[in-house]
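Atoms considered below: every heavy atom in the structure, side chains included; atoms not considered: hydrogens, waters and symmetry mates. Letters A, B, ... mirror the listed sequences (proteins, then strands); counts begin at 1. Because the structure is predicted, anything quoted here is derived from the model rather than measured.
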There are 2 protein chains.
Amino acid sequence: MTAQRRAILKVIETASKHLDASQILRKARALDNSVDRSTVYRTLDLLKRQGLIDELDLMHLKGEGHYYERKLGRDHIHMACLRCGKITEFVSETFESLKTQLERDCRFHIVVSRLEVGGYCAGCRH
Amino acid sequence: MTAQRRAILKVIETASKHLDASQILRKARALDNSVDRSTVYRTLDLLKRQGLIDELDLMHLKGEGHYYERKLGRDHIHMACLRCGKITEFVSETFESLKTQLERDCRFHIVVSRLEVGGYCAGCRH
DNA sequence: CGCGTATTGCGACTCAGTCGCAACTAAGAT
DNA sequence: ATCTTAGTTGCGACTGAGTCGCAATACGCG
């Protein structure tokens, strides 16, 4: 556990919204200005492999990059509004059943899952 | 409808597996050697916006790029084995219910959805 | 056939992510 | 407290995906 990793961890843990790698870099540098871009990517990979964070695309609403969030308890669905860009999260029991059913019917052991939806939110639908 | 678009379309329609942009370029060039990389990306964007193809990550098993497949009738779930790399598709009625429920409960109009799962397939589980 | 609009090829560019390597450091052993 | 070493870091160069502006071209409609 190095100072750099502590900084990156803290940034992710205290984030109020989904951050991409370059935002994490900027915020981590504010805590420890020695943090390098490679270290951010390497730490992100590590956390991903450990299952401590989830990687999201958010339907590529803003470019090709990835976003990260701390993974706690229950998975949630990400809904991205194609007009206003708002990201809404939703926890669903049906989603949990779907995964259980998948594991049983396909004899597949799920490690990570990602359900993202693009469309129009209540305020933007037409 | 240009010759280039016809070539790209044909490649996607006759593909036996998920192709990424550079693979589509290579195969489209075999049909019409004037096809350019930009044209492939522009056509892919067009087809995506029209809802004729779906864009997949396949859990980034092989790099950061995207894969494409023709969108027909029913959505399906993509399962990617983290060990052998095999991609399995699965159609689920529960998935359809989940989307319906989401649209109702969140007052969200779904245009596109993507459920990808990473884990271990029957042959690779441990 | 002629015309205007949409599309294309090209080349340069951006941006995300990766890699090899030498220097450094955390943390366990003595 | 110091030594040691395996793991981690910063750096800089690199790759590969995707984008963009622009001049040239082609589609397809009248």
* Asked: Mind checking whether Y120(A) and L82(A) have side chains closer than 4.5 Å, heavy atoms only?
  -> yes
Practice item. Give the intermediate values and the outcome of side-chain contact (heavy atoms from CB on, under 4.5 Å) for residues K62(B) and L58(B). Key: CA-CA 8 Å; K62(B) 313 165 188 139; L58(B) 301 182; over 6 Å; no
Legend entry - Side-chain ion pair, K48(A) and D45(A), N-O less than 4.0 Å: yes
- Query: Do T39(B) and Q4(B) get their side chains close enough for a donor-acceptor pair, meaning under 3.5 Å?
  - Reply: no
Subject >> Carboxylate-amine/guanidinium proximity below 4.0 Å for D54(A) and R70(A) >> reply: no
Q) Where the side chain of Q23(A) meets the backbone of D20(A), is there a donor-acceptor pair that is under 3.5 Å apart? A) yes
Atom OH of Y67(B) and atom P of dG16(D) are separated, to the nearest Å, by 13 Å
Query - Charged N-O contact under 4.0 Å between K99(A) and E96(A) - result: yes
In whole angstroms, the gap separating C1' of dG7(D) from CZ of R49(A) amounts to 13 Å
5' to 3', nucleotides 14-20 of chain C under a 4.0 Å protein heavy-atom cut-off (B base, S sugar-phosphate only, - none) gives --SBBBB
Could you go over nucleotides 23-26 of chain D and give all protein N or O partners under 3.5 Å, atom names and distances?
none

Item to check | Short N-O contact, D57(B) and R114(B), less than 4.0 angstrom | outcome: yes
### Message
Could you walk me through whether I77(A) and V91(A) satisfy the side-chain contact (heavy atoms from CB on, under 4.5 Å) test, starting with their C-alpha distance in whole Å, then the side-chain angles of each, then the deciding distance to 0.1 Å, before giving a yes or no?
### Response
CA-CA 6 Å; I77(A) 300 162; V91(A) 174; over 6 Å; no
Note: contacts of residues 23-35 of chain B with DNA chain D (heavy atom, under 4.0 Å) are none
Axis-to-axis angle across the helix from dC1(C)-dG30(D) to dT30(C)-dA1(D), five pairs each end, nearest 10 degrees, ~ 40°
The complete set of ring pair (Phe, Tyr, Trp, His ring centres under 6.0 Å) pairs with one or both residues in residues 8-48 of chain B, sequence neighbours excluded, reads H18(B)-H78(B)
Cluster membership besides L52(A), Ile/Leu/Val/Met/Phe/Trp/Tyr side chains within less than 4.5 angstrom, sorted by chain and number, is I8(A), L9(A), V11(A), I12(A), L19(A), I24(A), L25(A), L31(A), V35(A), V40(A), L44(A), L47(A), I53(A), Y68(A)
Note to self: Looking at R74(A) and E93(A), is any side-chain nitrogen of the basic one under 4.0 Å from a carboxylate oxygen of the acidic one?
What the structure shows: yes
Compute whether any side-chain donor of one residue and acceptor of the other, for E116(A) and H60(A), lie under 3.5 angstrom apart. no
